[in-house]
Amino acid sequence: VCVCVLCTLITRYACHSSFFQDEPALPLYIAYVVILGLGTGFAVVCVAITVLDYKYMGTVETSEHFMSAGRSIKLGLTATDIVSKWTWAATLLQSANVAYKYGISGPFWYAAGASVQVMLFSMLAVQVKRRAPTAHTFLEIVRARWGTAAHIVFMVFGFVTNLLVTAMLVLGGSAVVNALTGMDTDLAAILIPPGVVVYTLAGGLKATFVASYLHTVIIMVALCIFCVMVYLSGEDRTGLGSPRAVWDRLQYVASIDPVEGNKDGSYLTMHSAGGLMFGVINIVGNFGAVFVDQAYWQSAVAANPSASWKGYILGGLCWFAIPFTLATSLGLAANALSLPLSADEADAGLVPAAAALYMMGSGGSLLILIMLFMAITSSASGEQIAVSSLVAIDVYRTYINPQADGDMIVKVSRWVIFIFGMLMGLLAILLNHIGIGLGWLYLFMGVLIGAAVFPIAFSISWRDCSAVAAITGALSGTVLGIVAWLVAAVVQSGHVSVATLGTDEVMLVGNVVSLLSSGIICTVISLIAPAGASWEKTTMCITLVEEDAHAHNSPETVAALDAAMRKIVIWGVSLTVLFIIIWPLLTLAAGSFSLPFFEFWVAISVIWGFIASAIIVLLPLWEYRDAFVEFASAVMGRPRPTPPEEHDITKYGTITTSAPAPPGAPKEGPAETSLFHDGPCSPDGEASVGGPHAMAVQALEEHSVPMLAELDTEAEHDDMQPLIEDSLA
């Protein structure tokens, strides 16, 4: 069978220097249907869900809800959102590319090297809930700890990260749209973002969670389809359809075209120098893509306390299946089928598209296109809301209009979403025209932003890290990383160009130097001159824009978060060691995989993919089952349960009571004293005198006398007196 199919392939692709040969697999109108039709369709669905949520579920649109989704997102949706944000175009495209280049080690190192960052970030997610429960962005934490200078420095890193991630999303997507449909690459880059802008404008962060769920479900279903086609469908016209068929074909292909740097030239071995080098680059470079991207901090802010760390662990484990299972399927299939992909096609991420097209015809190409569009739009919405939060909170509210109210913050956020969304494609167009591809940009990202990882992590985890140490470490690490990157290119190739700077060895040097030099410099300076700071700066100096009850931790929540911190350290470190040390070491004894070992490997891949898909599809539905029942009741006209009257004297922000309003206050609604706009943080990051507690006490004292005076009876007076005394205490 192998010989017959290979003969067919050789005849079909004789003298072909590339797979696509500038002939699109799908008609041009399909690109418009997917980009404009699906984009509009999802925008309508997400906007409709947002409107129904406001109308029937009693959700009130505030700036806090727009930027933090009420800080009440549950485990399943948090995990799904993490999977969605981390599923870039590169996840689908480059994972298969490294499988095509290095064999079976490629998918593993892509998955392991990019999932450990998410699981380790869970430790920071818990710390956000413990030490900065009112924060909206990681830059607010930086400013509260280290002041204005550090705030501006790390703001630059944050915006650069968002620009690079956005460029990669659109760059990879437009290349595949061009290859599959013939649509102009620049036109595709312009048309992809607008649909995302619509629902992000309407619903803010919560709309992105809804979109993330819908998009990720489609991605996981498509992943299962491709997995079945390659390994579970029975031998078809391609000669694939079972692990044995793939193993036989790969053995034959390796005998003709062995993989340089792999043991015995085999595609089926973890003894791969190239695969290991890619793994190291992937591990080092992706720390910056997670730790410096506001989108991941935003998910930590939006999650409820119990989901803050579990969501990242579960999300990392589920995300592992996407590059691991998909690339083990389509990436190895492209090798087994000996598809004549050119180096440029592979670097553009066209390996899965080629394999799907050959195995499933135009239907496979369409499924890849839809899958890719879901990944791009889902991640892009997260980047849009992240950029809008940074501009609205850390630029506008901090430096332009400190007195901005919630309505103004939402207005600024929406303008930023619109402008950034419309401009998203321009950077991708620029990079495409100067010859920078998706693979190059993916590896380069760690060189440019890796130096910010340790300082940003220390901002919420190490009290002795000082502002001087953080700034010096980040800037010095960036300079050293870029210099090492350039020098490595000259040493290896004798000159500097896009091609020489993009080799694996050169990128490895730049990534490692940038990350580690920053960490070492920051740590040494902090040990020599420890800051000895108090976490009161982050718990008390970051103010809300509008009141959000979920931003305040009860004593029980604080105790639960303390216990969770101990657990998450064990979980995060253990899974990291398992993925990047124990698992690879256990495979070395296998050498070139025998058929039984390869079948075992494929079984792990398939089972992992199906379990992850089930979790992503079903867990959010189960967790929000009560909300569905409540929504159905509201639609049918049944009254929603009325919560009992509450006296909510909050730790920060607006003081609200159900008592009569003080003299001069509006008759409608509760009495309010705004404590948000005169925040307790001075420009240098130090807490100003009094802080929110003193301000709250003063407001209560001012209002307590007129509140008591307006009570009609002595009994009412006696009922209110203990409340005010307790609140003052």
Side-chain angles (χ1 to χ4, degrees), residues 90-117 246-247 249-251 253-255 257-287 319-336 341 343 346-347 349 351-352 355 438-440 442-446 492 502-512 576-594 597-598 600-602 604-605 608:
T91 307
L92 307 177
L93 306 178
Q94 290 304 113
S95 60
N97 181 31
V98 292
Y100 186 74
K101 290 172 65 176
Y102 308 121
I104 206 164
S105 67
F108 172 81
W109 282 119
Y110 195 107
S115 60
V116 296
Q117 296 87 350
V246 175
W247 186 85
R249 295 285 300 278
L250 288 174
Q251 295 293 101
V253 171
S255 67
D257 185 19
V259 183
E260 184 178 354
N262 282 20
K263 182 179 176 62
D264 301 327
S266 174
Y267 288 93
L268 301 175
T269 181
M270 288 291 288
H271 285 266
S272 173
L276 178 61
M277 184 174 297
F278 170 79
V280 175
I281 299 172
N282 203 34
I283 293 168
V284 174
N286 279 317
F287 272 105
W319 180 87
F320 184 95
I322 295 179
F324 184 57
T325 304
L326 183 68
T328 300
S329 300
L330 292 182
L332 291 184
N335 284 320
L341 284 151
D347 188 57
V351 172
L438 179 63
W440 195 99
Y442 180 80
L443 297 177
F444 170 68
M445 186 169 54
Q492 184 185 56
T503 65
D504 287 347
E505 295 81 3
V506 172
M507 286 293 189
L508 175 62
V509 171
N511 275 268
V512 171
T576 299
V577 172
L578 173 65
F579 280 155
I580 66 177
I581 297 177
I582 296 177
W583 187 335
L585 289 177
L586 290 176
T587 63
L588 294 181
S592 297
F593 290 2
S594 63
F597 196 90
F598 179 65
F600 172 68
W601 187 277
V602 169
I604 293 175
S605 170
W608 202 312

| message | Could you work out, with side-chain hydrogen bond (donor to acceptor under 3.5 Å, both in side chains) as the rule, every residue matching Ser592, not counting sequence neighbours? | response | Asp264
| With Asp257 via side chain to side chain contact (heavy atoms under 4.5 Å, CB included) - residues at least two apart | Tyr267
| query | Does the side chain of Ser272 come under 3.5 Å of the side chain of Asn262 through a donor N or O and an acceptor N or O? | reply | yes
| request: With sequence neighbours excluded, tell me which residues meet side-chain hydrogen bond (donor to acceptor under 3.5 Å, both in side chains) with Tyr102. | output: Asp504
| field | Pro107 to Thr328 - nearest heavy-atom pair and separation | value | CB-OG1, 3.6 Å
| message | Looking at Ser115 and Phe320, would you say the former's side chain and the latter's main chain have a donor-acceptor pair under 3.5 Å? | response | no
| message | Please check this pair: side chain of Thr269 against backbone of Gly591, looking for a donor-acceptor N/O pair closer than 3.5 Å. | response | yes
| said: For Leu443 versus Ile281, what's the shortest heavy-atom pair and its separation? | reply: CD2-CG2, 3.5 Å
| task | Might you point out which heavy atoms bring Val351 and Ala334 nearest each other, and give the distance in Å? | result | CG1-CB, 3.7 Å
| message | Working to the nearest 0.5 angstrom, can you tell me the gap between Asn97 CG and Leu92 CG? | response | 13.0 Å
| message | Just to verify, what does Asn335 make a side-chain hydrogen bond (donor to acceptor under 3.5 Å, both in side chains) with, not counting sequence neighbours? | response | none
| Who passes side-chain hydrogen bond (donor to acceptor under 3.5 Å, both in side chains) against Tyr442, sequence neighbours left out? | Asn282, Asn286
| query | Do Gln251 and Leu268 come close enough that some side-chain heavy atom pair is under 4.5 Å? | reply | yes
| Phe597: partners by side chain to side chain contact (heavy atoms under 4.5 Å, CB included), with sequence neighbours left out | Ala590, Phe593, Ser594, Trp601
| query | Hey, are the side chains of Leu585 and Leu588 touching, using non-hydrogen atoms and a 4.5 Å cut-off? | reply | yes
| message | Testing the basics here: between Pro323 and Tyr110, what is the closest heavy-atom pair and its distance to 0.1 Å? | response | CB-CD2, 3.5 Å
| message | Please check this pair: side chain of Glu260 against backbone of Gly265, looking for a donor-acceptor N/O pair closer than 3.5 Å. | response | no
| Check against side chain to side chain contact (heavy atoms under 4.5 Å, CB included), Trp247 and Val602 | CA-CA 10 Å; Trp247 186 85; Val602 169; over 6 Å; no
| said: Any non-hydrogen side-chain atom of Tyr100 less than 4.5 Å from a side-chain atom of Leu332? | reply: no
| request: Using side chain to side chain contact (heavy atoms under 4.5 Å, CB included) as the criterion, list what pairs up with Thr503, not counting sequence neighbours. | output: Gln492, Glu505, Val506
| task | Check Ala327 against Ala99 and note the closest heavy-atom contact, atom names and distance. | result | O-CB, 3.7 Å
| Phe108: ring pair (Phe, Tyr, Trp, His ring centres under 6.0 Å) partners, not counting sequence neighbours | Trp583
| request: Determine the minimum heavy-atom distance between Thr587 and Pro584, stating which atoms define it. | output: OG1-O, 2.6 Å
| request: Apply ring pair (Phe, Tyr, Trp, His ring centres under 6.0 Å) to Phe444 and list each qualifying residue two or more places apart in sequence or on a separate chain. | output: Trp440, Trp485
